[in-house]
**Q** 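First the structure, which I've put down as C-alpha cells, then a few questions once you've had a look.
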There are 2 protein chains.
Amino acid sequence: MSETEAILKRYKLRNTPFRQRVVEVFNIKPHSALSTSQIESLLGAHDRITLYRTLKSFEDKGLIHQVTDGKGESKFALCHDQCEVHRANKEHAHFHCEHCDTTYCLEDAGSLEIQLPDQYQVKSINLALTGVCADCQ
Amino acid sequence: MSETEAILKRYKLRNTPFRQRVVEVFNIKPHSALSTSQIESLLGAHDRITLYRTLKSFEDKGLIHQVTDGKGESKFALCHDQCEVHRANKEHAHFHCEHCDTTYCLEDAGSLEIQLPDQYQVKSINLALTGVCADCQ
DNA sequence: CTATATTTGCAACAACATTGCATTTAGCTC
DNA sequence: GAGCTAAATGCAATGTTGTTGCAAATATAG
C-alpha cells in the first residue's frame with residue numbers, strides 16, 4: 001500500500017485515483033497552504049466540481065483544514081500530527097510570502113497578548129503575517 | 001459643505017452623489033468593517049459595477065482599507081485619523097462577532113511576539129479574533 | 001462475486017467580479 | 001457663468017468561482 005493510500009485510509013476516506021492525485025498535490029509543498037486555484041493548476045486536467053467535493057470531504061474527515069492568509073484568499077493545508085486546528089481554541093499563525101504566493105504554517109511560533117474591550121468573548125484567533133520568505137530573499 | 005463632502009475632498013476624491021451615499025453607509029456603523037454585500041444592502045438601489053470601482057478608488061486614495069476577518073470574507077473599513085494601515089509594518093487587530101457578523105477594528109489593542117524562521121522578512125501583520133461581541137452577549 | 005452506499009462527471013445554474021465603451025458630470029480655466 | 005477636459009457613471013458582455021441535481025461508475029463490506 002502506498003503512503004498516499006495509507007493516508008486516505010487513516011482518515012476513513014475512500015481510496016480513489018482522484019483523491020490520490022489531490023493528496024499528492026498537497027505533498028508537493030509540505031507545510032504550506034494552497035488556494036483552490038493553486039490546487040487546480042497543480043492537478044492538471046480534472047473536474048472542478050469533484051475537486052470542490054473532495055476538498056469538502058477531506059476537511060470533514062480532518063485531513064486538511066482551511067486557512068486565511070490575511071489577504072482575503074482562503075487556502076487549504078494538510079493537517080499534520082502536531083496540527084492543533086482540530087482541537088479547540090488554539091491560535092495558529094501563518095506566513096504569506098507576497099513574492100511566491102506561498103502560505104506557510106507556523107505551528108508553535110510565538111505568543112501574543114491582547115487587550116479587548118470588556119465582555120468580548122474570544123473563541124478563536126487567526127494570525128497572518130505577510131512578507132517575503134527565505135526562499136525569495 | 002457637508003461633512004461627507006469634506007471627507008471626499010480631503011482624500012482628493014471627486015464629490016459625486018453616489019460617492020456621498022457610499023461614505024454615508026460607512027458612517028452608519030463607525031469603527032466596524034463592512035463586506036461588499038453588507039454595503040450593497042445598506043446602499044439601496046445602485047449599480048454594482050460603479051460600487052466596485054468606487055471602493056477601488058476609495059482604497060487607492062486611502063479613504064478605506066481592506067480587512068480580513070479571519071473567516072475568509074474580505075471587508076472594508078474607513079481609515080480614521082489614528083489609522084495605521086497606510087503606514088508601514090503596523091499590526092492591526094480586528095474582532096469578528098460570529099453572532100451579528102460585525103467586524104470591529106481594534107486599533108492599539110495589544111502586543112505580540114513571534115518567533116519566525118530565519119530570514120523571513122515581515123511586512124505586515126493581520127490579527128483576527130473571532131467570538132461574540134459585547135452587544136450580543 | 002454481489003450488494004450498497006459513496007464517488008464521479010456532466011449539465012444547468014447562481015453569485016460575485018471584471019472589462020470595454022458610450023454618455024454624463026465634476027471641477028478647472030477663463 | 002460658459003466651455004473644456006479628465007474622471008465617473010451605467011449598461012452590455014464576459015469571466016471566475018462555487019453550488020445543486022442526477023445518472024453512471026466504482027470502492028468497500030459481506
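Convention: sequence-line order gives letters A, B, ...; per-chain numbering from 1.
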**Q** Can you list the residues that meet the salt bridge (Lys or Arg N to Asp or Glu O under 4.0 Å) rule with A:Glu98, with sequence neighbours excluded?
**A**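 A:Glu98: salt bridge (Lys or Arg N to Asp or Glu O under 4.0 Å) contacts with B:Lys123.
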
**Q** Could you tell me, to 10°, how much the axis swings from one end of the helix from C:dC1-D:dG30 to C:dC30-D:dG1 to the other, five pairs per end?
**A**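 For the helix from C:dC1-D:dG30 to C:dC30-D:dG1, the axes at opposite ends meet at about 40°.
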
**Q** Rounded off to whole Å, could you give me the CD1-to-P distance for the B:Ile39 and C:dA17 pair?
**A**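 To the nearest whole Å, that distance equals 10 Å.
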
**Q** With B:Phe76, which residues qualify under ring pair (Phe, Tyr, Trp, His ring centres under 6.0 Å), at least two apart?
**A**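 None.
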
**Q** Under the rule for side chain to side chain donor-acceptor pair (under 3.5 Å), what residues qualify as partners of B:Thr16, not counting sequence neighbours?
**A**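 Applying side chain to side chain donor-acceptor pair (under 3.5 Å) to B:Thr16 gives none.
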
**Q** Quick one: salt bridge (Lys or Arg N to Asp or Glu O under 4.0 Å) pairs with a partner in residues 26-40 of chain B, sequence neighbours left out?
**A**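 Listed by first then second residue: B:Glu40-B:Arg48.
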
**Q** I need the CG-P distance between B:Leu8 and C:dT25, as an integer number of Å.
**A**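 Spelled out: CG on B:Leu8 to P on C:dT25 is 18 Å.
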
**Q** Reckon A:Arg48 touches a base, only the sugar-phosphate, or nothing at all at heavy-atom distances under 4.0 Å?
**A**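 Base: the residue A:Arg48, judged by heavy atoms under 4.0 Å, touches a nucleobase.
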
**Q** What residues in residues 49-57 of chain A put a non-hydrogen atom under 4.0 Å from any atom of DNA chain C?
**A**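 Close to the strand are A:Ile49, A:Thr50, A:Arg53, A:Thr54.
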
**Q** Rounded to whole angstroms, how far apart are NZ on A:Lys12 and C1' on C:dT6?
**A**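 Result: 16 Å.
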
**Q** Who passes side chain to side chain donor-acceptor pair (under 3.5 Å) against B:Thr50, sequence neighbours left out?
**A**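 Testing B:Thr50 for side chain to side chain donor-acceptor pair (under 3.5 Å), a comparison that skips the adjacent residues, returns B:Asp47.
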
**Q** Polar pairs (N or O, both sides) under 3.5 Å between protein and nucleotides 26-30 of chain D?
**A**
residue, atom, partner, partner atom, Å
D:dA27, N3, A:Arg14, NH1, 3.1
D:dT28, OP1, A:Asn15, N, 2.7

**Q** Check the distance between C:dA12's P and A:Asp47's CG and give it to me in whole angstrom.
**A**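 Computing the A:Asp47:CG to C:dA12:P distance gives 15 Å.
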
**Q** Measure from CZ on B:Phe18 to P on D:dG10 and round the result to the nearest Å.
**A**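 Atom CZ in B:Phe18 sits about 7 Å away from atom P in D:dG10.
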
**Q** Does anything in residues 126-137 of chain B pair up under salt bridge (Lys or Arg N to Asp or Glu O under 4.0 Å), and if so which pairs, sequence neighbours excluded?
**A**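 Residue pairs passing salt bridge (Lys or Arg N to Asp or Glu O under 4.0 Å), neighbours aside: none found.
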
**Q** By ring pair (Phe, Tyr, Trp, His ring centres under 6.0 Å), which residues pair with A:Tyr120, not counting sequence neighbours?
**A**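 Scan of A:Tyr120 (ring pair (Phe, Tyr, Trp, His ring centres under 6.0 Å), adjacent residues dropped) gives B:Phe95, B:Tyr104.
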
**Q** What's the CD-C1' distance between A:Gln38 and D:dT16, to the nearest Å?
**A**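 Rounded to whole Å, this separation is 16 Å.
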
**Q** May I have all residue pairs that pass ring pair (Phe, Tyr, Trp, His ring centres under 6.0 Å) and include part of residues 36-57 of chain B, sequence neighbours excluded?
**A**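 Listed once each, the pairs would be none.
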
**Q** With sequence neighbours excluded, tell me which residues meet salt bridge (Lys or Arg N to Asp or Glu O under 4.0 Å) with A:Asp60.
**A**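 A:Asp60: salt bridge (Lys or Arg N to Asp or Glu O under 4.0 Å) contacts with A:Lys56.
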
**Q** Can you check whether B:Leu8 reaches B:Arg14 side chain to side chain, under 4.5 Å on heavy atoms?
**A**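 Counting from C-beta outward, B:Leu8 and B:Arg14 never come under 4.5 Å.
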
**Q** Measure from CD on B:Gln20 to C1' on C:dT25 and round the result to the nearest Å.
**A**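 Distance check: B:Gln20 CD to C:dT25 C1' gives 13 Å.
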
**Q** Does any part of the side chain of A:His96, heavy atoms only, come nearer than 4.5 Å to the side chain of B:Asn126, both counted from C-beta?
**A**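 B:Asn126 does not reach A:His96 side chain to side chain.
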
